[in-house]
Amino acid sequence: MDQQNFFERVYVVARQIPHGRVTTYGAIARAIGAARSARMVGYAMNASHYDDTVPAHRVVNRVGLLTGKHHFNGTNLMQQLLESEGVIVIDNKVQNFQELFWQPPIEEGKMQI
DNA sequence: ATAGTGACATCGG
DNA sequence: GCCGATGCCACTA
């Protein structure tokens with residue numbers, strides 16, 4: 001299928017993020033069965049700029065910090081988008097991150113649970 | 001084929 | 001509890 005590429009797999013999962021929720025790079029990495037490729041998830045997100053169907057602004061690091069905001073239109077666009085969805089963001093950090101955190105469906109076949 | 005890089009995560013001091 | 005260093009894997013040059 002299309003998800004033969006690592007990037008596309010990341011996009012598929014990222015698109016599953018519910019509106020007003022956030023997730024982490026590591027969570028996505030695990031969801032696609034590449035728990036140790038969290039860095040690549042962010043890398044894939046960078047390429048997602050060509051695909052506006054990927055809500056990269058809903059993906060943050062494990063502490064809820066908007067590390068990738070610098071890659072957006074250069075300003076607080078990422079924060080604005082999150083706040084627009086009801087996510088409180090203060091100082092580039094997601095508030096209630098633990099509550100808003102959404103765990104993507106783990107592909108059980110890819111990873112041992 | 002090798003080397004360098006990166007929007008993370010984890011361990012150690 | 002905070003800061004520094006290391007590991008990790010896929011992509012690009």
Side-chain angles (χ1 to χ4, degrees):
Chain A
M1 293 309 196
D2 301 71
Q3 327 138 312
Q4 55 184 319
N5 295 330
F6 186 90
F7 278 33
E8 298 240 355
R9 285 165 144 223
V10 175
Y11 301 153
V12 170
V13 176
R15 280 190 282 250
Q16 303 303 313
I17 304 176
H19 187 266
R21 290 295 190 95
V22 294
T23 189
T24 70
Y25 302 95
I28 295 176
R30 293 184 185 203
I32 65 179
R36 296 168 180 118
S37 303
R39 301 179 100 169
M40 276 291 85
V41 176
Y43 202 91
M45 287 282 126
N46 185 13
S48 74
H49 277 257
Y50 296 97
D51 195 332
D52 52 350
T53 62
V54 181
H57 58 275
R58 292 185 195 147
V59 185
V60 296
N61 69 348
R62 71 172 188 90
V63 291
L65 200 62
L66 308 186
T67 52
K69 84 147 204 165
H70 196 66
H71 284 260
F72 273 79
N73 284 348
T75 53
N76 47 352
L77 174 64
M78 187 173 185
Q79 179 172 336
Q80 293 282 294
L81 289 170
L82 288 171
E83 289 182 333
S84 182
E85 295 184 352
V87 180
I88 308 301
V89 179
I90 300 176
D91 193 24
N92 298 330
K93 186 175 171 190
V94 177
Q95 304 303 304
N96 286 339
F97 175 67
Q98 192 171 352
E99 269 183 52
L100 297 172
F101 176 72
W102 172 81
Q103 171 132 21
I106 306 290
E107 297 185 26
E108 302 178 11
K110 305 264 179 171
M111 158 181 189
Q112 305 136 3
I113 51 177

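Only this structure's heavy atoms are used, side chains among them; waters, hydrogens and symmetry mates stay out. Each chain gets a letter, A, B and so on, in the order its sequence line appears, and its residues count up from 1.
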Does anything in residues 13-46 of chain A pair up under ring-ring contact (aromatic ring centres under 6.0 Å, His included), and if so which pairs, sequence neighbours excluded? none

For A:Ala34, which residues count as a side chain to side chain contact (heavy atoms under 4.5 Å, CB included) partner, sequence neighbours excluded? A:Phe6, A:Ile32, A:Ser37

What pairs with A:Glu83 under side chain to side chain contact (heavy atoms under 4.5 Å, CB included), at least two apart in sequence or on another chain? A:Gln79, A:Gln80, A:Val89

Minimum-distance pair of heavy atoms, taken over all atoms of [X] and [Y]:
X        : Y       : result
A:Val13  : A:Ala31 : CG1-CB, 4.1 Å
A:Phe101 : A:Arg21 : O-NH1, 3.8 Å
A:Ala14  : A:Pro55 : O-CG, 3.4 Å

Please tabulate, one pair per line, all N/O donor-acceptor pairs under 3.5 Å involving side-chain atoms of residues 60-73 of chain A, not counting sequence neighbours.
residue: A:Asn61; atom: OD1; partner: A:Val63; partner atom: N; Å: 3.4
residue: A:Asn61; atom: OD1; partner: A:Gly64; partner atom: N; Å: 3.2
residue: A:Asn61; atom: OD1; partner: A:Leu65; partner atom: N; Å: 2.7

Restricting both atoms to N or O, compile the protein contacts to nucleotides 4-8 of chain B shorter than 3.5 Å, with distance only.
residue: B:dA7; atom: OP1; partner: A:His71; partner atom: NE2; Å: 3.0
residue: B:dA7; atom: N7; partner: A:Gly42; partner atom: O; Å: 3.3
residue: B:dA7; atom: N7; partner: A:Asn46; partner atom: N; Å: 3.2
residue: B:dA7; atom: N6; partner: A:Met45; partner atom: O; Å: 3.1
residue: B:dA7; atom: N6; partner: A:His49; partner atom: NE2; Å: 3.2
residue: B:dA7; atom: N3; partner: A:Tyr25; partner atom: OH; Å: 3.0
residue: B:dC8; atom: OP1; partner: A:Thr67; partner atom: OG1; Å: 3.3
residue: B:dC8; atom: N3; partner: A:Arg39; partner atom: NE; Å: 3.2
residue: B:dC8; atom: N4; partner: A:Arg39; partner atom: NE; Å: 3.3
residue: B:dC8; atom: N4; partner: A:Arg39; partner atom: NH2; Å: 2.6

Atom-to-atom span, CZ of A:Arg36 to C1' of B:dA9 - whole angstrom: 11 Å

Got a second to check how far A:Leu100's CG is from A:Ile88's CD1, nearest 0.5 Å? 8.5 Å

Identify all pairs in which a protein N or O lies below 3.5 Å from an N or O of nucleotides 11-13 of chain B, and state each distance.
none

